[in-house]
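Presented below is the structure to which this report refers.
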Amino acid sequence: MTGKAARLIFWLGTLVSAAIFLWMTYDFHLQTPKYTHTDKLTEEVVAGKKVWHKYNCNDCHTILGFGGYYAPDMTKAIYRLGDNNIASIVQHPEVMYKNSFRKMPQLGITEPETRQLIAFLRWTGEIENRKWPPQDEKFVEAYKLRESQPQKLDKVHLVLQACGGCHTFEHQGRNVGGDLTAIANRITYDRQTLINYIINPQSVRPGVTMPPQDVSLQTAGVIADFVLSLRSTKEVKQ
């Protein structure tokens with residue numbers, strides 16, 4: 001190969017690579033509003049991001065691929081936990097994780113900061129990021145279907161989406177609040193009382209640590225039926 005040919009290949013390759021890079025950069029910025037929903041980037045969301053950094057949440061948690069891996073990934077946590085569960089965990093971790101191997105420090109996050117943080121996590125959860133993290137995709141799908149088309153979900157997936165952030169069933173979910181089968185064999189509530197407990201636990205057991213659940217009356221009924229159906233099964237060891 002002559003020197004002239006080598007220089008031609010070098011410059012041609014450099015220019016083509018640069019053109020592709022510039023086009024991809026332009027296309028990235030062109031697509032950003034669509035995939036990140038910048039129209040929903042409110043002052044509360046921005047304030048929530050500042051709360052996230054103020055308390056160094058990234059030291060333990062990962063979000064959008066950045067952060068620590070000691071604690072759960074929070075990119076799609078809003079679908080896995082819901083607003084009320086996140087609020088309870090953030091403000092009272094010593095209570096929510098009292099019986100869990102996982103511990104979270106009491107950071108002193110205020111109620112307004114909690115609302116801002118939830119707004120940030122909700123915005124983050126709606127970013128189109130190619131179904132990442134994959135372990136939360138089943139929660140995202142169930143969350144989007146449970147209120148609009150719950151008939152498309154089998155009961156196990158529907159219940160786990162609503163309860164799996166704190167409860168387990170057949171080794172699925174997170175064992176913070178106990179296994180649903182064990183709970184079913186322990187409680188003595190009738191169906192309506194259990195529905196009331198799911199929607200507003202304090203109305204049935206004042207002082208209980210479980211927060212109100214963000215579910216409709218219909219979904220609460222499905223969950224109650226499912227839990228009560230477990231009473232006849234063998235209790236799972238904790």
Which value, rounded to the nearest 0.5 Å, describes the distance between [X] atom [atom1] and [Y] atom [atom2]?
| X | Y | atom1 | atom2 | answer |
| --- | --- | --- | --- | --- |
| Leu41 | Thr36 | CG | OG1 | 7.5 Å |
| Leu81 | Ile89 | CG | CD1 | 5.0 Å |
| Arg7 | Leu12 | CZ | CG | 14.5 Å |
| Thr209 | Gln202 | OG1 | CD | 9.0 Å |
| Ile86 | Met96 | CD1 | CE | 11.0 Å |
| Asp136 | Phe139 | CG | CZ | 6.5 Å |

Do you know the tightest heavy-atom contact between [X] and [Y]?
| X | Y | answer |
| --- | --- | --- |
| His61 | Ala71 | CE1-CB, 3.2 Å |
| Ile199 | Pro212 | O-CB, 3.3 Å |
| Ala220 | Ile198 | O-CD1, 3.7 Å |
| Gln106 | Glu94 | NE2-OE1, 3.1 Å |
| Ile195 | Gly221 | CD1-CA, 3.8 Å |
| Val90 | Met104 | CA-CE, 4.3 Å |

What pairs meet the salt bridge (charged side-chain N to carboxylate O under 4.0 Å, His left out) rule with one or both residues in residues 40-55, with sequence neighbours excluded?
->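 Qualifying pairs, neighbours excluded: Lys40-Glu126, Lys54-Glu113.
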Above 12 or not: heavy atoms from other molecules or residues under 6.0 Å from NZ of Lys103?
->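 Above 12, so yes.
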May I ask you to decide if the ring planes of Phe226 and Phe169 are parallel, tilted or perpendicular, using 30° and 60° as cut-offs?
->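 Phe226 and Phe169: perpendicular rings.
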Test Arg205 against Tyr189 for side chain to side chain contact (heavy atoms under 4.5 Å, CB included), laying out the working first.
-> CA-CA 11 Å; Arg205 287 181 59 194; Tyr189 300 146; 2.8 Å; yes
Residues Met74, Arg80; criterion side chain to side chain contact (heavy atoms under 4.5 Å, CB included); working and verdict | CA-CA 9 Å; Met74 297 298 288; Arg80 186 175 68 245; 4.1 Å; yes
Below 4.5 Å, heavy atoms only, C-beta onward: do His53 and Asn58 meet side chain to side chain?
->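 Of all side-chain heavy-atom pairs linking Asn58 with His53, at least one is under 4.5 Å.
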Sorted by first residue and then second, give each ring-ring contact (aromatic ring centres under 6.0 Å, His included) pair with at least one member in residues 63-91; sequence neighbours left out.
->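 For residues 63-91, and leaving out neighbouring residues, the ring-ring contact (aromatic ring centres under 6.0 Å, His included) pairs sorted by first residue read Tyr79-Tyr143.
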Return yes if some donor-acceptor pair links the side-chain N/O of Trp11 with the main-chain N/O of Ala6 below 3.5 Å, else return no.
->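 Side chain of Trp11 to backbone of Ala6: no pair is present.
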Give a yes or no answer on whether the side chain of Thr62 reaches the backbone of Asp73 with a donor-acceptor pair at less than 3.5 Å.
->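 Looks like no, no N/O pair under 3.5 Å.
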Determine, for Arg122 against Asp83, whether the closest basic-nitrogen to carboxylate-oxygen distance falls under 4.0 angstrom.
->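 Yes.
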Look at the side-chain heavy atoms of Ile, Leu, Val, Met, Phe, Trp and Tyr, link any pair under 4.5 Å apart, and say whether Tyr35 and Leu121 land in one connected group.
->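 Tyr35 and Leu121: separate clusters.
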